[in-house]
Amino acid sequence: MASGEVFDSETKYPVAPRVNLPTMFRLGLFQMGLSMMSILTLGVLNRVMIQEIAIPATLVALVLALPAFVSPSRIWFGQMSDAKPLWGYHRTAYVWVGAAIFAIAAFLAVQVMWQLNNAASVSGSWVWTTQTIGWTALLSLVFAVYGLAICASGTAFAALLVDVSEEDNRSKVVGVVWSMLMVGIIVGAIISSSLLKQLTPEASVETLQASINQLFIIVPAIVFGLAIAATFGVEKKYSQYSSRSTLVNREDSITLDAAWKILTASPQTGLFFTFLVVMTLCLFMQDPILEPYAGQVFKMPLAESTKLNIYYGMGLLVAYAVAGFLIVPRLGKRRSARLGCMLVALCALLLGISGFTANAAFLKFGLVLFGLATGFLTTAAISLMLDLTAAEAAGTFIGAWGLAQSISRGLAVVIGGTLLDIGRRVLPSLELAYGLVFALEAVGMVLSIGFLNRVNITEFQTSTKQAIASVLESDLD
């Protein structure tokens, strides 16, 4: 027996140590890295392609949404991490390999983007030619690979959080880990702004290209390092004797078919899946249009519009800390999520109204409030999501929830960019065109509450436990 090892009286398995606060912050480094990558793609590339290169917003939105549209792979990656260890690890190795691939793919995407710009420049404006079609297809492929890597890495990481946490400390784990995501938004915005500060609206394509290339070398390298630092040793120490360990030695029993039976055992799974889709769709509809909004309506230069994520991130950071430790444990996860939906709807309307003032300070204030509301909602929703996850098949369930979030986030990017194009054609002003996106975002957020009200955690847990027992019994027959 190892020194200091404690055994459970019923299972005879050693009791895993509870994850402590420093480890929670270390795990958060991974989320910090993901948010930095998000800043690069949605915070920098979308503006460069829409405004500086003048690619149609709908096309840009479709390409940037591809990482989300490959998210059905999350269920497969989740089931693989449950059943098939990689180099002896069920979670960690998937996180590392995925991080390496998406860091490389991000840099390659930028290089393809420049070639697409060169092809489009031949005609003086955007037209479909053999060259633009070819480079657009290649750019789409690179973003699809980027998305697959995000799916593999992110799903395994979220399943690791289920492995190392318990129901009574889950909101704290979420609060700390996702607060680091917001730190990543702030740090990513600062790094991006610093490396792009020399750019002016009159900057040449060559200057723009050099600055963006430097940015996409430095940040992905940092993000890969954060993924290693965040997860090194955590799985071995904290999850080796978790409740999912009863299935670790029965890898063949967790087939994709068995995982699907467990996943669909309760109708509550479908209800919560729908809630996540609608909520996430409305939460991120403004993502592809925020920086162009700042540039076209508020006349902000590229470096300044990138800093907007700092204000949003400040609100999120405060909300995660307060909600995870104080509000959600007292108010309850579902009630907190319901209130968060209403707050996000109100703040989305405020962002739309700010355009009519053309006051940058009003926009920044609105983003702080939007960040507060978003942080409040996501802390409650993610805590609820982890409760609606069977530990024995954590990767599979996390894959399903990740699928809901990723598909809806991808749709949000496409819908946001498409609505902007439609608004600019049929509405008399840019303020109204952008306001249309924010208004529909608010309406959808209110509608998501109806699905949330029908979610029953107790019913889910009962149905899922019965399904797991049934699958294991059938394997013994």
Side-chain angles (χ1 to χ4, degrees), residues 24-25 28 31-32 34-35 38 158 161 165 167-186 272 275-287 290 308-352 354 363-388 401 404-405 408-409 412 438 441-453 455 457:
M24 292 182 197
F25 277 108
Q31 289 293 69
M32 177 178 171
L34 283 187
S35 61
S38 179
L161 294 186
S165 66
E167 187 173 347
D168 62 347
N169 73 340
R170 200 152 280 158
S171 66
K172 294 179 182 178
V173 173
V174 171
V176 171
V177 172
W178 262 259
S179 69
M180 293 296 288
L181 185 149
M182 297 313 110
V183 172
I185 287 180
I186 296 172
F272 189 68
F275 163 71
L276 283 178
V277 167
V278 178
M279 181 202 75
T280 309
L281 178 69
C282 300
L283 201 58
F284 294 101
M285 204 182 293
Q286 87 290 337
D287 261 15
L290 184 59
L308 289 177
N309 288 288
I310 297 176
Y311 300 98
Y312 175 63
M314 287 169 56
L316 281 164
L317 186 58
V318 172
Y320 280 141
V322 174
F325 283 84
L326 298 177
I327 299 176
V328 175
R330 289 176 171 80
L331 193 59
K333 296 164 187 172
R334 191 164 66 168
R335 290 176 63 190
S336 298
R338 188 184 300 118
L339 177 58
C341 289
M342 292 302 302
L343 292 175
V344 169
L346 292 174
C347 291
L349 292 176
L350 184 64
L351 288 175
S354 68
L363 175 63
K364 294 171 184 177
F365 175 69
L367 284 172
V368 172
L369 294 181
F370 190 82
L372 285 168
T374 300
F376 186 87
L377 171 59
T378 51
T379 299
I382 293 168
S383 299
L384 190 61
M385 179 188 80
L386 297 184
D387 282 351
L388 288 161
W401 305 145
Q405 293 175 302
S408 51
R409 190 160 185 174
F438 292 114
E441 188 174 43
V443 171
M445 190 59 69
V446 174
L447 292 176
S448 71
I449 297 175
F451 296 103
L452 177 62
N453 288 339
V455 174
I457 298 177

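Around the OH atom of Y311, the shell of radius 6.0 Å holds no more than 12 heavy atoms that belong to other residues, nucleotides or ligands.
Listed by chain and number, the residues in a side chain to side chain contact (heavy atoms under 4.5 Å, CB included) with L350 are F362, L369 (sequence neighbours excluded). Residues forming a side chain to side chain contact (heavy atoms under 4.5 Å, CB included) with L339 (at least two apart in sequence, or on another chain): L331, L343, F376. Every residue two or more places apart in sequence or in another chain that forms a side chain to side chain contact (heavy atoms under 4.5 Å, CB included) with S35 is listed here: L181, I185.
Atom CE in M285 sits 10.0 Å away from atom OG in S408 (nearest 0.5 Å). Atoms CE and CG, from M445 and L377 in turn, are 6.0 Å apart once rounded to the nearest 0.5 Å. A distance of 15.0 Å separates CZ in R334 from OG in S383, rounded to the nearest 0.5 Å. For the atom pair L349 CG and E441 CD, the distance stands at 9.0 Å (nearest 0.5 Å). From L367, atom CG reaches atom OG of S354 across 7.5 Å, with rounding to the nearest 0.5 Å.
Remark: side-chain polar atoms of S336 are not paired, donor with acceptor, to backbone N or O of K333 under 3.5 angstrom.
Pairing each heavy atom of F275 with each of A381, the nearest pair is CE2-CB, 4.4 Å.
No side-chain heavy atom of I449 sits less than 4.5 Å from a side-chain heavy atom of M279. Between L316 and L372, the closest side-chain pair of non-hydrogen atoms is not below 4.5 Å. L384 has its side chain within reach of L452: a pair of non-hydrogen atoms, C-beta onward, lies under 4.5 Å apart.
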- [ ] Start with the C-alpha distance between V278 and F451, add both sets of side-chain angles, then the distance that settles side chain to side chain contact (heavy atoms under 4.5 Å, CB included), and finish with yes or no.
- [x] CA-CA 9 Å; V278 178; F451 296 103; 4.1 Å; yes
- [ ] Applying side chain to side chain contact (heavy atoms under 4.5 Å, CB included), run through Y312 and T374 and close with a yes or a no.
- [x] CA-CA 9 Å; Y312 175 63; T374 300; 3.5 Å; yes
Task: Derivation and outcome, side chain to side chain contact (heavy atoms under 4.5 Å, CB included), residues F370 and Q286 - done: CA-CA 11 Å; F370 190 82; Q286 87 290 337; 3.7 Å; yes
